[in-house]
Protein chains: 4
Amino acid sequence: MTTRRASPNAARRNEASRRATLTAAFDLLQEVGYAKLSIEGIAARAGVGKQTIYRWWPSKGAVVFDAFLLLSESAEGGPPVLPDTGDLEADLTAVLLATIEELNDPRYDQPMRALATEIAHDPELAAAYAERLDGPLKDAKRQRLRSAQQAGQLADDLDLDVAVEMIWGPVLNRWLQRSGPLTADYIDRVITTALNGLRPRPPAAG
Amino acid sequence: MTTRRASPNAARRNEASRRATLTAAFDLLQEVGYAKLSIEGIAARAGVGKQTIYRWWPSKGAVVFDAFLLLSESAEGGPPVLPDTGDLEADLTAVLLATIEELNDPRYDQPMRALATEIAHDPELAAAYAERLDGPLKDAKRQRLRSAQQAGQLADDLDLDVAVEMIWGPVLNRWLQRSGPLTADYIDRVITTALNGLRPRPPAAG
Amino acid sequence: MTTRRASPNAARRNEASRRATLTAAFDLLQEVGYAKLSIEGIAARAGVGKQTIYRWWPSKGAVVFDAFLLLSESAEGGPPVLPDTGDLEADLTAVLLATIEELNDPRYDQPMRALATEIAHDPELAAAYAERLDGPLKDAKRQRLRSAQQAGQLADDLDLDVAVEMIWGPVLNRWLQRSGPLTADYIDRVITTALNGLRPRPPAAG
Amino acid sequence: MTTRRASPNAARRNEASRRATLTAAFDLLQEVGYAKLSIEGIAARAGVGKQTIYRWWPSKGAVVFDAFLLLSESAEGGPPVLPDTGDLEADLTAVLLATIEELNDPRYDQPMRALATEIAHDPELAAAYAERLDGPLKDAKRQRLRSAQQAGQLADDLDLDVAVEMIWGPVLNRWLQRSGPLTADYIDRVITTALNGLRPRPPAAG
DNA sequence: CGGTAATCGAGACGGTACGTCAAGTCTTGGC
DNA sequence: GCCAAGACTTGACGTACCGTCTCGATTACCG
């Protein structure tokens, strides 16, 4: 058996209340923003008792996290996979363009910032995020790079973890800190720079 | 003529109260963490009236930001400069090692996360951060890369902004999300990968 | 035919649950006091479902009332009777001494105050109290006075109801309001004053 | 110096908030009854923050008590005095008639029961009641009886405290327990019985 | 150099939300 | 159909802070 906490009897949990809570949380995140998001507000919007929220979630961050989880579950069929046309640069560009489109979308901006900061302050949440939300995505990214590596397009001794961070890290950072615009051009430069590296690259052998 | 009801008369500002407030804010950030930081608490700790804080700072985030500003001002003499021994890889390694040492230091971890969070949620603060705190540092980083570029160690057409993000982005991201340990080995891998790029690199010409 | 949706089928009632509930209620009244007595607490202490309590009692006061009823039933054999030695003053003194002993007993103080205040706020409960608990007692008191009246010890035209209230009213009041100590001496003074009245009493005829 | 608690600075207390609170408490007591009286409700009705109530009163009962105090203060000029026409019986009748009129008045019934209940359960409150509200009244009652005593209308050795309780005790008890109607006739019987006592009274000497 | 206006510490105020407790209703599974 | 158990919505609890608002008591500038 695997349950960690004994207290509430999960079998009797009201699924309708759970979904209402998560939906309300996500909606409110868009509407009022992270700073004004309150358990009280979520409960009221969801038509749910506060106690029900406190019974099933340890923190506001956990609710927000589960709201994202619900969203990603309802969106997907199976684990995520990155496109693989054989053209790595094109595939990465396509994926990152979709990413910045989402990051630039006002509907998702606030909620994702909320999630990011909750994660930054709550290690337990960070672990859950790494495992349940980011993990599968990271696997897909690594997998795409491995495929390119096997096709000889990437260095044999490449550290795939670092490679993934090298491509997505700058983008996420720029978004979170608003240190610059997230444009298609920026994406291109990131990908090109990451692939080629900072050092001068001798002309391809004739 | 100027606005009739302008901001308070800065000339009369009590410097002792200002410093006490910022010091208290930073200390409390370490002690109780970001989530439990309150204006009331800062005022009490600083032996300062709440009104004094509200008079001079628009938000809690602004106080936290100023606390960092005070810290960085008291630490420095003039704008920051990265070491330049001619050996880029060694210099970057040295700087990044110092960076992760700070990020791993429990005294700074909480406060810096607080700052990151406030910035993520407050565009105005983000602008101030970009200009006053991060700006000079970024200039120094760019300058070091430019120096290497001029020495022929980096590609001529390298986008220095992207290059800087490529090196520091992954590290900051890993720290903020706790997606992996910040070790010397990790730093090495990041620097090597960034410099060489993901693509296979033909052996240096004989 | 009877009402279709009447009260639950009393025949099926679980006597063990009933007694457990009432005992738990009385015990808790002593332990945690009236203000902190809760249905939830009673149910937990009795090992009984909350619904079972709500099924059989209309209010917390009703449970408390029944708890007293259970107590008085188990204590007695038949209706109460006051001692009648022929010496009215002595008999009254004996009974009132027993009364104040109970009122001063910490085991009964809290529960009886609870009962008294529930009665004060709930007319229906007051009626039940008057009929089931206080009624028989009052009959006994009246009966003792009537006996004395017939023996020529009390005025012929005496209003027995008022007479009873005149003796017990001051004592109960003093207890409830804590307006003075309940001592044997106090009892004596009450009885003497009630018997003689406030007016000067001419010396008994020779 | 005499202050008992240091915490709130009574000098800065807002008199308007105080009066609004007490008035709201009294009004709500009439409207919703004692059982549904809540601090939250009082605060809302008074347009006052909850904290302001908690700052100045230790319990709901204390608020109710102060509400009565405010009422009695605003009603009076100086300490209360009972009428003294020389005819004790008539004077007592007049006073008790006024008393039962108040007790029978639906505007005061609920609030006074609330006060009685709070007193019954809170010894500290009972002491305050005895001193501030009931005390002066009891003095007046005793004084009237003493006057009659000096006029030879009452027994020389009469215990005035007990005498007062003997007259008012039965009335209050009957009201609190609803054990009978409070009518003019009842008042007459109480007074007559108390004055004459229970024992047969020989005809006044010719 | 004394008058006066702004700032200061302090903290009361009307509020909002917190996280908890209990009320009374409803559902599930066992007897 | 009653029962124990306990999840549910509701509403109040008493507390912590919010941001605004007085209060005297220092300042520090200005006439």
Side-chain angles (χ1 to χ4, degrees), chain A residues 7-14 16-18 20 35-44 46-56 58-60, chain B residues 8-14 16-18 20 36-44 46-56 58-60, chain C residues 8-14 16-18 20 36-44 46-56 58-60, chain D residues 7-14 16-18 20 35-44 46-56 58-60:
Chain A
S7 312
N9 184 346
R12 298 212 169 166
R13 182 163 189 183
N14 184 335
S17 293
R18 181 180 154 267
K36 292 189 180 175
L37 181 70
S38 66
I39 298 276
E40 205 135 295
I42 296 171
V48 137
K50 274 201 296 178
Q51 197 60 244
T52 298
I53 299 183
Y54 284 108
R55 179 156 35 235
W56 299 111
S59 69
K60 194 168 67 179
Chain B
N9 186 345
R12 292 198 156 208
R13 181 163 190 183
N14 183 334
S17 293
R18 181 178 155 268
K36 292 189 181 174
L37 182 69
S38 66
I39 297 277
E40 206 135 293
I42 296 171
V48 139
K50 278 203 293 177
Q51 197 58 246
T52 299
I53 297 182
Y54 283 107
R55 188 165 18 240
W56 300 109
S59 70
K60 192 168 68 178
Chain C
N9 186 343
R12 292 200 160 207
R13 180 163 192 182
N14 183 335
S17 292
R18 181 179 156 266
K36 292 189 180 173
L37 182 70
S38 66
I39 298 277
E40 206 134 292
I42 296 171
V48 138
K50 278 202 294 176
Q51 198 56 245
T52 300
I53 298 182
Y54 284 108
R55 196 174 0 251
W56 299 110
S59 70
K60 193 167 68 178
Chain D
S7 311
N9 185 343
R12 299 217 168 162
R13 181 164 191 180
N14 184 335
S17 294
R18 182 181 154 266
K36 292 189 179 174
L37 182 69
S38 66
I39 298 276
E40 204 135 296
I42 296 171
V48 138
K50 275 202 291 178
Q51 198 59 244
T52 298
I53 298 183
Y54 285 108
R55 186 163 22 238
W56 300 111
S59 69
K60 193 167 66 179

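Values below: all heavy atoms of this structure, side chains included; hydrogens, waters and symmetry mates excluded. Note on naming: letters A, B, ... go to the chains in the order of the sequence lines (proteins, then strands), and numbering restarts at 1 for each one.
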K.L.:
Could you give the distance from CG (A:Asn9) to CZ (A:Arg55), rounded to the nearest 0.5 Å?
P.N.:
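One finds 11.0 Å between CG of A:Asn9 and CZ of A:Arg55.
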K.L.:
Between atom CZ in B:Arg55 and atom C1' in E:dA10, what is the gap in whole Å?
P.N.:
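Computing the B:Arg55:CZ to E:dA10:C1' distance gives 13 Å.
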K.L.:
Of the candidate nucleotides E:dC13, F:dA7, F:dC8, which contains the atom at the shortest distance from the side chain of A:Asn9?
P.N.:
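Closest nucleotide to the A:Asn9 side chain: F:dA7.
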K.L.:
Output the rounded distance in Å from CZ (D:Arg18) to P (E:dA12).
P.N.:
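So the two atoms are 17 Å apart, to the nearest Å.
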K.L.:
Establish, with yes or no, whether the OP1 or OP2 oxygen of E:dT7 is under 4.0 angstrom from a side-chain nitrogen or oxygen of B:Thr52.
P.N.:
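False: B:Thr52 side-chain N/O out of range (4.0 Å or more) of E:dT7 OP1/OP2.
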K.L.:
Taking protein heavy atoms under 4.0 Å as touching, what does nucleotides 23-31 of chain E look like 5' to 3' if B marks base contact, S marks sugar-phosphate-only contact and - marks none?
P.N.:
SBBB-B---
K.L.:
Which residue, A:Val48 or C:Ser17, contacts DNA chain F at a nucleotide closer to its 5' end, judged by nearest heavy atom?
P.N.:
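Its nearest nucleotide lies further toward 5', so the answer is C:Ser17.
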K.L.:
Mind listing the closest non-hydrogen atom pair of A:Gly41 and A:Ser38 along with its distance?
P.N.:
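Reported closest heavy-atom pair: N-OG, 2.9 Å.
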K.L.:
B:Lys36 NZ to E:dC18 C1': how many Å, rounded?
P.N.:
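Interatomic distance, NZ of B:Lys36 to C1' of E:dC18: 12 Å.
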K.L.:
I need the minimum non-hydrogen distance between D:Ala46 and D:Ala20, along with the two atoms involved.
P.N.:
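That closest heavy-atom pairing would be CB-O, 3.4 Å.
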K.L.:
Go through it in stages, so that I can follow the logic: the residues are B:Arg13 and B:Trp56, the test is side-chain contact (heavy atoms from CB on, under 4.5 Å), and I'd like the CA-CA distance, side-chain angles, deciding distance and then a yes or no.
P.N.:
CA-CA 9 Å; B:Arg13 181 163 190 183; B:Trp56 300 109; 3.3 Å; yes
K.L.:
Looking only at non-hydrogen atoms, find the nearest pair between C:Lys60 and C:Leu37 and report the distance.
P.N.:
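Minimum heavy-atom contact is NZ-O, 3.0 Å.
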K.L.:
Send over the distance from C:Trp56 CH2 to F:dC2 C1', rounded to a whole Å.
P.N.:
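Going from CH2 in C:Trp56 over to C1' in F:dC2 covers 8 Å.
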K.L.:
In whole angstrom, what separates B:Arg13's CZ from F:dC29's P?
P.N.:
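Roughly 15 Å, once rounded to whole Å.
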K.L.:
So which one's nearest nucleotide on DNA chain E is more toward 5', B:Ala43 or B:Ala10?
P.N.:
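Looking at DNA chain E, the more 5' nearest nucleotide goes with B:Ala10.
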K.L.:
Would you kindly give the CD1-to-P distance between A:Ile53 and F:dA7, to the nearest whole Å?
P.N.:
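Answer to the nearest Å: 16 Å.
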K.L.:
Grab the two heavy atoms, one from D:Ala43 and one from D:Gly49, that are nearest each other, plus how far apart they are.
P.N.:
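Heavy atoms only, the tightest pair is CB-C, 4.3 Å.
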